[in-house]
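Structure record follows, encoded as structure tokens.
In what follows, chains carry the letters A, B, and so on, assigned in the order in which the sequence lines appear, proteins first and then strands, with residues in each chain numbered from 1. If you're wondering where the values come from, they're calculated on a predicted model, not measured in any experiment.
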There are 2 protein chains.
Amino acid sequence: MADLEHTTSAFDSELQSLSCRIAEMGGLVEEQVVEAVEALKNRDLERGSRVVAADANVDLMQREIEQAAVEMIARRQPVANDLRQAVAILRIASELERIGDLAKNICKRICGLDGAYLPRQFMEGVMHISTLILGQLKDVLDSLASRDVAKAIQVWARDQDIDRLYTSLFRELLAQMVEDLGTVTSSVHLVFCMKNIERIGDHATNIAEAIYYMVQGRALWEERPKADLTVTVPGSMVLRSSAPLSETA
Amino acid sequence: MADLEHTTSAFDSELQSLSCRIAEMGGLVEEQVVEAVEALKNRDLERGSRVVAADANVDLMQREIEQAAVEMIARRQPVANDLRQAVAILRIASELERIGDLAKNICKRICGLDGAYLPRQFMEGVMHISTLILGQLKDVLDSLASRDVAKAIQVWARDQDIDRLYTSLFRELLAQMVEDLGTVTSSVHLVFCMKNIERIGDHATNIAEAIYYMVQGRALWEERPKADLTVTVPGSMVLRSSAPLSETA
């Protein structure tokens, strides 16, 4: 019995330490996204290259957390709730690593936008979505720190609204490309940046699901009612638009 | 000693069973990619929707393999090489699941291409890349089945050539968009499809790295010398092109 207690408390202390490291990783990833969005906004190549360089730290943290979690599972043989906690940490570390990759990808595209003219309202639209996504990321990390399931559900539920906004911005960007030939390449880069931002939101939602599973012991939903709605924007859409060619074409 | 042997052989038999399941998952995912490429080629909405529907099976398999691998780690407490095998299986299952998602995403975009005119040479280019990526996926799954490290290294090394091809096709597609306004929306969908195909290749390369780690016990490279080179295609590129507007503009 003393042995069992000893093992349990050793597990708790290792789990506590892993929770701290995942919180630290979350903080680093959040900062990477903030910096990527700022670099994109100001098309700041230097700031962008710092984000690209710092991504190696995120990758390293993920590998360390993964290693520690797996070794803890092997050594402590947790069951039920304890095993679930460890598995959820593995999943969250992997989601955070992917968010870090997306922040890096955004920054890599900034040089494709360098010097290109982009209409103000698009950058404003992209920044608006970025602000919402950063809010989602912050909330899901808060929810992780406090094991606040209600907050995790809020993040999960908001994802659909953001997808709708993304789709409408995507349509506008396509219409803009038709109007202004000079912006085609930069618009494509911006579409990819926006897609990366939207995917950061998806990973935040995945983290919300992992938190729910961690605390409640069951899946939030098997398949959440979300999708990138732009996939069904018809190829013939722009043909129906009667937008005149702009002068810069 | 008898106990240890018993545990070892129980572990080996569980590992064997997991290896079979990951091979089965690999087969399913490969079929999903083949079907997605065929559906894209023929813009076959019905075939595409079958791929979308079947993705739930891929997700389910991943969760089952993850669950089984984690439980095996907790129960058998493997160390060194055995633990590495189990961790590599976890990683490969996650990579396969992401490949399945990308095949699904390609199919979701097919309706965006429905009825749109796309120049033959682009579809040919996309199909050429798809064939190469399918070869990569097949080779990496063969390498996994036979633990063939040399073959895994070949897959890993070929990834860069495919990235170069992708970048040149990406440039052509952008130039085409400028020439022919009527194809902007469908071209954007095609760019996303092509990007998804390229990312399938990245995940195949990740699997090659996991196989190397599984067999050799160390990382193939910390960071492979690869990148999506299109991220640096300058936004001003198309302005330098003197391509005339086509008649459909």
Side-chain angles (χ1 to χ4, degrees), chain A residues 56 59 66-67 70-71 73-79 83 86-87 90-91 94 98 105 107-118 170-171 173-175 177-178 181-192 195 219 222-223 227-228 230-239 245 249, chain B residues 56 59 66-67 70-71 73-79 83 86-87 90-91 94 98 105 107-118 170-171 173-175 177-178 181-192 195 222-223 227-228 230-239 245 248-249:
Chain A
D59 290 353
E66 188 183 85
Q67 185 83 6
V70 167
E71 279 172 6
I73 293 170
R75 220 172 326 109
R76 308 289 172 200
Q77 302 182 73
V79 290
L83 183 56
V87 171
L90 276 174
R91 275 200 201 139
S94 153
R98 285 157 80 175
N105 289 350
C107 291
K108 281 188 176 173
R109 288 204 180 265
I110 294 173
C111 51
L113 295 169
D114 195 33
Y117 167 73
L118 286 171
F170 180 83
R171 278 174 186 270
L173 211 49
L174 286 187
M177 283 157 91
V178 178
L181 287 179
T183 66
V184 166
T185 313
S186 49
S187 297
V188 168
H189 283 305
L190 199 58
V191 163
F192 270 112
K195 180 74 193 162
E222 269 314 296
E223 175 86 359
D228 169 1
T230 68
V231 298
T232 56
V233 172
S236 50
M237 184 194 86
V238 293
L239 298 176
L245 292 176
Chain B
D59 290 351
E66 187 183 87
Q67 183 85 7
V70 167
E71 280 172 7
I73 293 169
R75 220 174 324 109
R76 307 291 172 200
Q77 301 182 73
V79 289
L83 183 55
V87 172
L90 275 174
R91 276 201 199 137
S94 155
R98 285 157 82 175
N105 289 351
C107 291
K108 281 188 174 173
R109 289 206 178 265
I110 294 173
C111 49
L113 294 169
D114 195 34
Y117 167 73
L118 285 172
F170 180 83
R171 279 175 185 270
L173 211 51
L174 286 187
M177 281 158 93
V178 177
L181 287 179
T183 65
V184 167
T185 312
S186 50
S187 297
V188 168
H189 283 304
L190 199 58
V191 164
F192 270 113
K195 180 74 194 162
E222 268 314 296
E223 177 84 0
D228 168 0
T230 69
V231 296
T232 56
V233 172
S236 51
M237 185 195 87
V238 292
L239 297 176
L245 292 176
T248 57

Given side chains that start at C-beta, do those of A/R91 and B/E66 come closer than 4.5 Å, heavy atoms only?
yes
Against chain B, label A/V188 side chain, backbone, both or neither, depending on which of its atoms sit under 4.5 Å from a heavy atom there.
side chain
How long is the span from the CG atom in A/L83 to the CZ atom in B/R75, to the nearest 0.5 Å?
10.5 Å
How long is the span from the CZ atom in A/R76 to the CD atom in B/Q77, to the nearest 0.5 Å?
10.0 Å
dist B/K195:NZ -> A/K195:NZ (nearest 0.5 Å) comes out at 12.5 Å
Turns out that what part of A/I73 lies under 4.5 Å from chain B's heavy atoms comes down to both
If every non-hydrogen atom of A/A74 is compared with every non-hydrogen atom of B/P78, which pair is closest and at what distance?
CB-O, 4.0 Å
